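Below, all heavy atoms of this structure are taken into account, side chains as well, without hydrogens, waters or symmetry copies. Please read all numbers here as calculations on a predicted model, not as lab measurements.
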Amino acid sequence: MYEYLKKLFKEVDGQPEAITAEELIKRIQADKNLNIVNLKEGGYVSKDKFDAKETELTGIKTQLADANKEIQSYKDMDIEGIKKSAQEWENKYKTDTAALNDKLTAQERKHQTDMFFSGYEFTSKAAQAGIRMEFDKKEFKLEDGVFQGASDYMKSLMENEDYKGAFVLKEDKPDETDQGAGTGAGAGGNQKPLPTFATGSIGGNAGAGTDKNIFNFGFHRLREPEKTE
């Protein structure tokens with residue numbers, strides 16, 4: 001500061017000249033490199049504060065530049081396109097999920113139907129296919145692996161003249177414990193007679209053979225092969 005002030009005074013005989021206050025003000029105002037401020041008015045800022053403020057402003061400028069860059073990137077985006085794409089993926093997810101659930105439900109229903117029909121006997125595959133077609137039309141509610149009302153429906157078909165011929169009913173099966181004797185004998189007289197065989201005779205007595213090597217089977221007299229030593 002003093003170096004600047006010295007330049008405002010001319011030297012006379014090696015000494016700074018004496019000038020009035022008015023002249024000093026004029027010379028100060030004329031010197032563009034010299035600024036005088038009133039410290040009480042806060043016109044002076046220390047170098048440290050100035051440097052700190054400059055650093056802060058530089059940081060703010062960088063932040064503003066980054067923010068502007070980010071804003072521009074959003075402006076460049078096709079927001080409507082992104083929304084449309086997101087909606088399409090959501091729709092696809094819902095459609096694929098529904099299709100998968102329907103497929104699993106159909107597989108479970110088919111499995112349970114197979115298990116249900118295994119409890120019935122049919123006169124032919126075609127008969128079974130026909131009854132199953134009628135069964136599927138009813139769309140019985142499936143709860144905990146059980147078709148609600150399905151058993152009563154099948155019973156009604158077995159009693160219906162138009163459908164009972166497709167089933168092998170219990171009364172149509174021969175009773176293995178009730179066999180007829182002779183022809184037409186037995187319970188109801190409709191059981192097939194058991195086959196009978198005539199016994200062979202040896203020595204004139206039926207079934208009383210005298211040769212130990214001869215066996216009587218009622219068909220032929222067969223001789224046991226001789227043993228060889």
- Query: In terms of hydrophobic clustering (I, L, V, M, F, W, Y; side-chain heavy atoms under 4.5 Å; direct or indirect links), are M154 and M115 co-clustered?
  - Reply: no

One should read off an interatomic distance between T95 OG1 and E90 CD, to the nearest 0.5 angstrom, of 10.5 Å

* Asked: If we only count heavy atoms from C-beta on, is the L104 to Q107 side-chain gap below 4.5 Å?
  -> yes

Output for pair (N68 CG, K61 NZ), nearest 0.5 Å, gives 14.5 Å

Side-chain contact test, heavy atoms from C-beta onward, threshold under 4.5 Å: evaluate it for T62 versus D66 and give yes or no. yes

Heavy atoms of T123 and F167 approach each other most closely as CG2-O, 3.6 Å

In this structure, CG of D136 is separated from OG1 of T113 (nearest 0.5 Å) by 6.0 Å

Salt bridge present between K84 and E80 (N-O < 4.0 angstrom) = no

When you check the gap from the basic side-chain N to the acidic O, do R109 and D102 get nearer than 4.0 Å?
no

Quick check: are there more than 12 heavy atoms from other residues, nucleotides or ligands sitting under 6.0 Å from CE of M133? no

Separation between CG (L157) and CZ (F135), nearest 0.5 Å, reads 10.0 Å

Quick check: are there more than 12 heavy atoms from other residues, nucleotides or ligands sitting under 6.0 Å from OH of Y163? no

For K138, the side chain to side chain contact (heavy atoms under 4.5 Å, CB included) test, sequence neighbours excluded, returns F140, Y153

inquiry  = Pairing donors with acceptors under 3.5 angstrom, does anything connect the side chains of Q72 and D76?
reply    = yes

Note: M158 and K164 closest approach over all heavy atoms is O-CB, 2.9 Å

Item checked: Side-chain (T97) to main-chain (Y93) donor-acceptor, under 3.5 angstrom -> yes

Nearest heavy-atom approach of Q148 to E143 is NE2-CB, 3.8 Å

Practice problem: Walk me through it: do R132 and D114 pass the test salt bridge (charged side-chain N to carboxylate O under 4.0 Å, His left out)? | Solution: CA-CA 10 Å; R132 184 154 179 164; D114 291 341; 2.6 Å; yes

### Message
Using side chain to side chain contact (heavy atoms under 4.5 Å, CB included), reason through F116 and S151 one step at a time and then give a plain yes or no.
### Response
CA-CA 9 Å; F116 179 77; S151 296; 3.9 Å; yes

